[in-house]
Participant: 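Mind looking over this structure? Questions follow.
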Amino acid sequence: MSTARTSAVALHGVSASLVEVEADLGNGIPGFVLLGLPDASLSEARERIKAAARNSGIPLANRKLTVNLSPATLPKYGSAFDLAIVIAALAADQKLFASASTLYMAELGLDGTLRPVPGVLPAVQLARAHGLDQVIVAEENGAEARLVGGVEVIALRHLGQVMAFCGAAKDQITTYLRHRPPQSANQTGGHVVGAAADEVDLGLVNGQQEARLALELAAAGGHHLIMVGPAGAGKTMLAKCLPTIMPPLDDLQALEATAVHSITRGGAGELDQLQRTPPFVAPHHTASRSALIGGGTAQLIPGAITRAHHGILFLDEAAQFHTGVLDALRQPIEEGYINLARIRGHQRLPARFQLIMASNPCPCGKNFGTGTGCTCTPMARRRYFARLSGPILDRVDLQVRVNPVPQAQLLNSAPNESSAQVRERVVATRARSLARLGKFSIACNAQIPTQILKNELDYPARTRAALEQLATRRGLSARAIHRLLRVAWTVADQQEHAAPTADDLAIAGHLRQNLESS
């Protein structure tokens, strides 16, 4: 029999599809034909595979080799198919045995070294879902693959070891294995920042009691937040403190966040544990729309909002972002995902993020208080802040001004509340919210659907009257009213109230200031 089959995985966005690798040895002019819509990096696998097999001791047969990646209509990208292709080719030549219940996923070096590839975690999840028993990956991907239970993970360093595992004659296999120094554990591609908790602490922030309260409510309820104030007032530092006071991700959230991290980090470094700290993604204000929401032509690549899934998307200098870039966040803010449609494909990418924005009030950044230090014209101030469109601000639950702290308070050495102390209150508030929302399968107050908010949750008559007066006085939209109510529920949970009181609603209203008049 001159045909053989192995299994591999194709990644598209953050989803994975099982691919059957079919190899056939036929008569005719010797050659290597690769079918199934491979991209350029995959087409180059022919030469990598030939060299790796030859340097491992069992060269490919000098015959016509046809490899088909099925389904043939599904585009294939990357170098993760190398190992599956070479094993299928050698099995077709009856040099070894390829198990139909084994997933092969690794890039090959010319000397036969197995190199790590991105997306191993979702690939192993897919293998388990399809009933595969084993997964063979590069040694650097072994710990990541073992994060998924129910599948035997075999992590190897060299193609010769894979050949021996598949039953090849050991006297043919080259025993040479190049020693490579282990990679540093912090080489993770720089796509997701999960270590902000080690860098900053709320105990370093003097003053800013109103902003600290808004930050605590944002962490407790999962609410979006914007802070507007002059340069140096502490907006960025406060935003970086948010991951330090948030509760850790639960098992499902950690698995989803780690899977996104696995795909977007580029395969470098060791991923040996689930990401429990909410990811913190902070794109530069020159980022394009595609960099923020994802995009591409032949291949749809996840953007910053997907990398921030179950975490924080921090937009510093928000008013400096290009016109229209921030407006692209409207749908994912509401839906928790982004639909990317292109001529060559369509992807639905997860984007359940918490939006945190910081902005100066004007180009010179000194329009605060009496505004006497501001050198901007009224038109310049209006044009600058107008980049934050009304529909975007309408979707932000907490909107606060952050003014400079007086020098005496700034230089005060008295201890402040640390992140650990605030996190205790946040965890307790989240627990009270979950006790009420658990029956609806809702994690936090910011995710309460409008129907449940209106029909399932009860409010005191005084709270309803206060809400009506506040909405009428401010001319709030329906969306703004619902978001105000969600914040009021978080305040009530923090204060251990059974339902929002008029005072809780007043606090929520105070933390939703009219920033457009800054």
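All residue numbers in this chain count up from 1 along the given sequence. Source: prediction; values computed, not measured.
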Participant: Has Lys76 got a side-chain atom pairing as donor or acceptor with Leu69's backbone, closer than 3.5 angstrom?
Facilitator: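 Flag set: sc Lys76 to bb Leu69 pair under 3.5 Å.
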Participant: Is a donor on one side and an acceptor on the other found under 3.5 Å between the side chain of Thr258 and the backbone of Gln275?
Facilitator: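 Pair found, side chain donor or acceptor close to backbone of Gln275.
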Participant: Report yes if some heavy atom in the side chain of Asp24 is under 4.5 Å from a heavy atom in the side chain of Leu65; otherwise report no.
Facilitator: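 No - every pair of side-chain heavy atoms lies 4.5 Å or more apart.
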Participant: Do Arg486 and Thr450 have side chains that approach each other closer than 4.5 Å (heavy atoms only, starting at C-beta)?
Facilitator: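 Result yes, sub-4.5 Å side-chain heavy-atom pair found.
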Participant: Give the intermediate values and the outcome of side-chain contact (heavy atoms from CB on, under 4.5 Å) for residues Arg46 and Val33.
Facilitator: CA-CA 8 Å; Arg46 292 188 291 250; Val33 180; over 6 Å; no
Participant: Have Thr113 and Asp111 got a donor and an acceptor in their side chains that come within less than 3.5 Å?
Facilitator: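 Yes, Asp111 and Thr113 have a side-chain donor paired with an acceptor closer than 3.5 Å.
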Participant: Under 4.5 Å between any side-chain heavy atoms of Pro283 and Leu313, yes or no?
Facilitator: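 Heavy-atom side-chain distance check passes, below 4.5 Å.
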Participant: Can you name the one residue among His223, Arg430, Arg436 that meets side chain to side chain donor-acceptor pair (under 3.5 Å) with Asn445?
Facilitator: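 Exactly one candidate clears the test, Arg436.
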Participant: Cut-off 3.5 Å, side chains only: do His310 and Glu256 have a donor facing an acceptor?
Facilitator: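 Side chains of His310 and Glu256: pair found under 3.5 Å.
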Participant: For Glu456 and Gln451, which I'm curious about, is there any donor-acceptor pair between the side chains at under 3.5 Å?
Facilitator: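 There is no such pair (donor and acceptor under 3.5 Å, judged by atom type) between the side chains of Glu456 and Gln451.
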Participant: Does a side-chain N-to-carboxylate-O contact under 4.0 Å join Arg479 and Asp397?
Facilitator: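 Result for this pair is no, no salt bridge flagged.
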Participant: Please check: side-chain N/O of His224 versus main-chain N/O of Leu355, any donor-acceptor pairing under 3.5 Å?
Facilitator: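 Confirmed, His224 side chain pairs with Leu355 backbone.
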Participant: State whether the side chain of His130 and the backbone N or O of Leu126 hold a donor-acceptor pair below 3.5 Å, judged by distance alone.
Facilitator: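 Judged by distance alone, yes, a pair lies under 3.5 Å.
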Participant: Please confirm whether the backbone N or O of Leu202 pairs with a side-chain atom of Ser419, one donor and one acceptor, at under 3.5 Å?
Facilitator: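 Yes, the answer is positive, given that a donor and an acceptor are paired below the 3.5 Å cut-off.
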Participant: Should Leu132 and Val151 count as side-chain neighbours, where that means a heavy-atom distance under 4.5 Å?
Facilitator: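 No - every pair of side-chain heavy atoms lies 4.5 Å or more apart.
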Participant: Is there a donor-acceptor contact under 3.5 Å from the side chain of Glu335 to the main chain of Pro332?
Facilitator: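 A pair under 3.5 Å: no.
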Participant: With Phe314, which residues qualify under ring-ring contact (aromatic ring centres under 6.0 Å, His included), at least two apart?
Facilitator: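 Testing Phe314 for ring-ring contact (aromatic ring centres under 6.0 Å, His included), a comparison that skips the adjacent residues, returns Phe280.
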Participant: Taking the side chain as every heavy atom from C-beta outward, state whether Leu215 and Ile245 have any pair of such atoms under 4.5 Å apart.
Facilitator: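 They are in side-chain contact.
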Participant: In the structure I gave you, are the side-chain heavy atoms of Gln331 and Asn339 within less than 4.5 Å of one another anywhere?
Facilitator: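 A side-chain contact exists here, since the closest heavy-atom pair is under 4.5 Å.
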Participant: Is the backbone of Asn141 close enough, under 3.5 Å, to the side chain of Glu144 for a donor and an acceptor to pair up by distance?
Facilitator: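 Answer holds: no.
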Participant: Assess, by modelled atom type and distance only, whether the side chains of Glu22 and Ser70 contain a donor and an acceptor separated by less than 3.5 Å.
Facilitator: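 No, no side-chain donor-acceptor pair sits under 3.5 Å.
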Participant: More than 12 heavy atoms of other residues, nucleotides or ligands under 6.0 Å from CG of Asn455: is that the case?
Facilitator: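 Atom CG in Asn455 is packed in, count exceeds 12.
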Participant: Given Ser79, which of Glu44, Glu107, Arg115, Arg48 fulfils the side chain to side chain donor-acceptor pair (under 3.5 Å) condition?
Facilitator: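 For Ser79, the side chain to side chain donor-acceptor pair (under 3.5 Å) check succeeds only for Glu107.
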Participant: Is the count of non-hydrogen atoms from other residues, nucleotides or ligands lying under 6.0 Å from Lys64 atom NZ greater than 12?
Facilitator: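 Count not over threshold, so no.
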Participant: For Val427 versus Pro247, what's the shortest heavy-atom pair and its separation?
Facilitator: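 Looks like CG2-CB, 4.0 Å.
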Participant: Tell me yes or no: between the side chains of Ser290 and Ser288, is some donor less than 3.5 Å from an acceptor?
Facilitator: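 Note: Ser290 and Ser288 side chains miss the donor-acceptor criterion.
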Participant: Short question: side chain of Asp250, backbone of Leu252 - any donor-acceptor pair under 3.5 Å?
Facilitator: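 Checking the backbone N and O of Leu252 against the side chain of Asp250, a donor-acceptor pair under 3.5 Å is found.
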Participant: Side-chain contact test, heavy atoms from C-beta onward, threshold under 4.5 Å: evaluate it for Tyr104 versus Val86 and give yes or no.
Facilitator: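 Tyr104 vs Val86: side chains apart.
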Participant: How about Glu334: does its CD atom have over 12 heavy atoms from other parts shown lying under 6.0 Å from it?
Facilitator: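 For Glu334, atom CD is crowded (more than 12 foreign heavy atoms under 6.0 Å).
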Participant: Is any NZ, NE, NH1 or NH2 atom of the basic residue among Arg146 and Glu139 found under 4.0 Å from an Asp or Glu carboxylate oxygen of the other?
Facilitator: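 Salt bridge flag = no for Glu139 with Arg146.
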Participant: State whether the side chain of Ser7 and the backbone N or O of Leu103 hold a donor-acceptor pair below 3.5 Å, judged by distance alone.
Facilitator: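 Pair absent, no side-chain N/O of Ser7 close to backbone of Leu103.
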Participant: Would you say Asp316 and Thr236 are linked by a side-chain donor-acceptor pair, where the criterion is simply a distance under 3.5 Å?
Facilitator: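 Per modelled atom types, Thr236 and Asp316 side chains form a pair under 3.5 Å.
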Participant: For the residue pair Gln494 and Glu216, establish whether any side-chain heavy-atom pair is separated by less than 4.5 Å.
Facilitator: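 The answer is yes; the side chains approach within 4.5 Å.
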Participant: Would you say the side-chain atoms of Arg330 pair up with the backbone N or O of Pro391, donor to acceptor, closer than 3.5 Å?
Facilitator: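 Between the backbone of Pro391 and the side chain of Arg330 there is no qualifying donor-acceptor contact (under 3.5 Å).
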